[in-house]
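Report on the structure given below.
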Amino acid sequence: MADQPDAIALLKADHRKVEDLFEQFEKASGEGRKQKIALEICLELTVHAQIEEEIFYPACTGKIDEDLVKEAYVEHDGAKVLIAEIEAGAPSDEFYDAKVKVLSEQIEHHVEEEEKRGEGIFAQAKKAGLDMDAIGAELAARKQALIANYKSSGTPKPETTTFTEVTV
Ligand SMILES: [Fe+2]
Ligand SMILES: [Fe+2]
């Protein structure tokens with residue numbers, strides 16, 4: 001469908017939205033407002049990571065640099081730990097703002113690994129000839145379903161995919 005974003009456009013739009021939310025958080029004052037923005041960041045990132053892990057990364061696996069995809073899963077898991085902390089915490093907590101800031105820095109790095117010109121995950125996936133329209137449609141449908149679900153029943157506690165050795 002012509003009016004549907006392809007996979008890369010959809011994922012990039014998610015990245016821009018979260019960057020904007022992080023900026024809003026930095027400027028926000030008042031604990032209620034901060035918490036509202038932080039929880040929106042957590043919801044957006046949870047859904048984004050989930051659709052990438054369920055649909056986009058598996059489509060890339062075997063077609064692009066394997067190390068890069070593995071690192072992306074691990075970077076998601078690192079972010080999920082902070083997301084869980086932020087969701088369980090409150091803006092009055094001593095380290096709340098620091099956790100949101102460090103999450104934004106981790107995400108900035110991760111987004112760069114995905115979007116880097118020529119060699120990032122998206123560029124490699126494009127070169128590998130993935131069907132971005134079909135994957136985009138799948139991502140959009142799954143995203144819509146997850147957001148509806150999480151908005152009605154709450155964002156689930158993040159589950160890590162690659163952190164299997166210890167519980168901290
Ligand atoms: Fe992403
Ligand atoms: Fe990602």
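Counting convention: from 1, in listed order, for ligands and their atoms alike.
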Checking side-chain hydrogen bond (donor to acceptor under 3.5 Å, both in side chains) for the pair K80/T161: CA distance, chi angles, key distance, verdict?
-> CA-CA 10 Å; K80 287 173 199 168; T161 307; 3.3 Å; yes
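- Within a 6.0 Å sphere centred on CD of E54, heavy atoms belonging to other residues, nucleotides or ligands number more than 12.
- Near-neighbour remark for the Fe ion (ligand 1): protein N, O or S atoms under 2.8 Å are H15 NE2, H48 NE2, E52 OE2, E114 OE1; waters not counted.
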Show your working on side-chain hydrogen bond (donor to acceptor under 3.5 Å, both in side chains) between Q50 and Y150 and close with a plain yes or no.
-> CA-CA 12 Å; Q50 194 171 342; Y150 295 168; 2.6 Å; yes
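- We find the CD-CG distance between E138 and D133 to be 12.5 Å, quoted to the nearest 0.5 Å.
- Each of E44, E115, E23 was scored for a salt bridge (Lys or Arg N to Asp or Glu O under 4.0 Å) with R16, with one residue passing: E115.
- Between E26 and K101 there is a salt bridge, since a side-chain N of the basic residue sits under 4.0 Å from a carboxylate O of the acidic one.
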